[in-house]
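Some notes on the structure that comes next.
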Amino acid sequence: MAGTLKRVNAVHIKFCRDVTVSQGRARVAALWQQFKPTKADAPDGFLLDGVLVQDWKEYRRAYIAPMEKEQVLLSFMFILVGITTVFIVFVVFYMIISHKRKDIGVLKSVGTSNISILGLFSGFAFMIGLLGSAIGTLTAWLFLSKINGIESLLFEWFGWQLWDRSIYAIGDIPNHLEFHVLATIMGCAIAACLIGALFPACSAARLRPVETLHTGPV
Amino acid sequence: MEKSRVILKAAAVRKSYRMGATRVEVLRGVELAVREGEFVAIIGASGSGKSTLLHILGGLDRPDKGVVEFDGRDLNRMGARELNHYRNETVGFVFQFYHLLDELNVLENIILPAMVSRTVVGWMLTRRAAQKRATELLGQLGLKERVRHKPYQLSGGERQRAAIGRALMNQPRLLLADEPTGNLDSLTGNGILQIFEQLNRAGQTIVMVTHDERIAARAQRVIALEDGKIRA
């Protein structure tokens, strides 16, 4: 820094709380466009042409891109898990309804409507979805809130370094919870249960009582 | 003595089933009339179509052709809602194999038709009255000590009495019984028939299906079903 020309290779700007990243970036870019022509004739002014205005995501692109890919892959895996859940719920409900054919016939013989039978099994599926997703969400929340502690313990006890800080360039495992995302996941889990149970519930509702009551005492 | 009016009428009722490639005609033009307060037995060999006829009379199945009327209302012209109401309020079914719900206790099984006919709010308002009615029925049927028992904890006769209680819960005008003693020993079966006789004396209309002539003889009138037709 002893020479006449002072150089910097990066300026980091922190915006106020009420300014979004995109708004702040646009404002800085506009200011830069105003400032650059005023220094065009300055010594080494051509260097200003190479200046980029970037937000933090663009600046850290090399690190963030693989993480985004991981996120996409994880989302894809969750979709597969969701499809599997729908299939499992479908099979379980199909088996329940196969075993309860006689009971459905009895309910119809005492005047239960098709809609009520449909509602009965859909309600059952909804309760399973609600209970399952509530337990899952609570467990996930507990796990996420303690994930950094667990990671440290695993390193202390077994020497396992699950979060490679040299790759991610972040000290702690990100564990910020967004409640609207949690609510969406819970909603999707309940919807998966309802979708899985829909076809068996419809077939139960359509059962003719005479078909189901022509059976023995078993 | 003046004869009571006809409440249940079947005219030219035909019903067939497809069994593989062949079509089996089970009912071939059945004509039947049941008066209010009657105890009618329909007798016939296995496969003669007596259970099918009972299911049609009870609105569990529809005939291919012919008319079934209850109190002047054609069952074929009833929509799903009306037919559900008919099965719930007008008819009570007693099956050979009882068909009680294993997850429910005796009281809950008996109360089931009352529960089905009401909305959640309606059920909240009438629950006590329904429980009172079910408890009365349990007393009449000698099941007072079995209120909280599950069906699998009961004997065959007790199960059938619970099934009769369920059938009577909504005070139906017509009681339909499909081989009600078919799964019971003669002594227990006799007890069930005595209950039917008591109910009939109190004015209950009963249509019972059986293959046993001795059991059919307990009814006021016996109708024989042969080859899908009422024998003259």
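Convention: sequence-line order gives letters A, B, ...; per-chain numbering from 1. A quick note: this is a predicted structure, and the numbers were derived from the prediction, not measured.
The number of heavy atoms from other shown groups lying within 6.0 Å of CZ (A:Phe124) does not exceed 12. Atom NZ of A:Lys36 has more than 12 neighbouring heavy atoms from other residues, nucleotides or ligands inside a 6.0 Å radius. No more than 12 heavy-atom neighbours from other residues, nucleotides or ligands sit within 6.0 angstrom of CH2 on A:Trp160. Within 6.0 Å of atom CZ in B:Arg128, 12 or fewer heavy atoms from other residues, nucleotides or ligands are found, so the atom counts as exposed in its surroundings. Summarising the local packing, CG of A:Leu177 is surrounded by more than 12 heavy atoms from other residues, nucleotides or ligands at distances under 6.0 Å. Environment of CZ in A:Phe199: sparse, with no more than 12 heavy atoms of neighbouring residues, nucleotides or ligands closer than 6.0 Å. No more than 12 heavy atoms of other residues, nucleotides or ligands sit less than 6.0 Å from atom CZ of A:Phe78. Residue B:Lys9 qualifies as open at atom NZ: its count of foreign heavy atoms under 6.0 Å is 12 or below.
The minimum heavy-atom distance between B:Pro113 and A:Val110, with the atom names listed, is CG-CG1, 4.0 Å. When all heavy atoms of A:Ser109 and B:Phe93 are compared, the closest pair comes out as O-CD1, 3.8 Å. A pairwise comparison of heavy atoms in A:Leu213 and B:Leu60 identifies CD1-CD1, 4.1 Å as the closest pair. Nearest heavy-atom pair, A:Lys102 versus B:Leu100, reported as atom, atom and distance to 0.1 Å: NZ-O, 3.6 Å.
The structure places NZ of A:Lys100 at 3.0 Å from CD of B:Glu103, a figure rounded to the nearest 0.5 Å.
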Quick one: do A:Thr112 and B:Asn88 satisfy side-chain contact (heavy atoms from CB on, under 4.5 Å)? Show the steps, please. CA-CA 8 Å; A:Thr112 310; B:Asn88 183 254; over 6 Å; no

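With a 4.5 Å cut-off on non-hydrogen atoms, A:Ser113 touches chain B through its backbone and its side chain both. With a threshold of 4.5 angstrom between heavy atoms, B:Gln96 does not approach chain A through any atom at all.
Interface residues of residues 70-87 of chain B toward chain A, defined by a heavy-atom distance below 4.5 Å and sorted by number: B:Asn84, B:Arg87.
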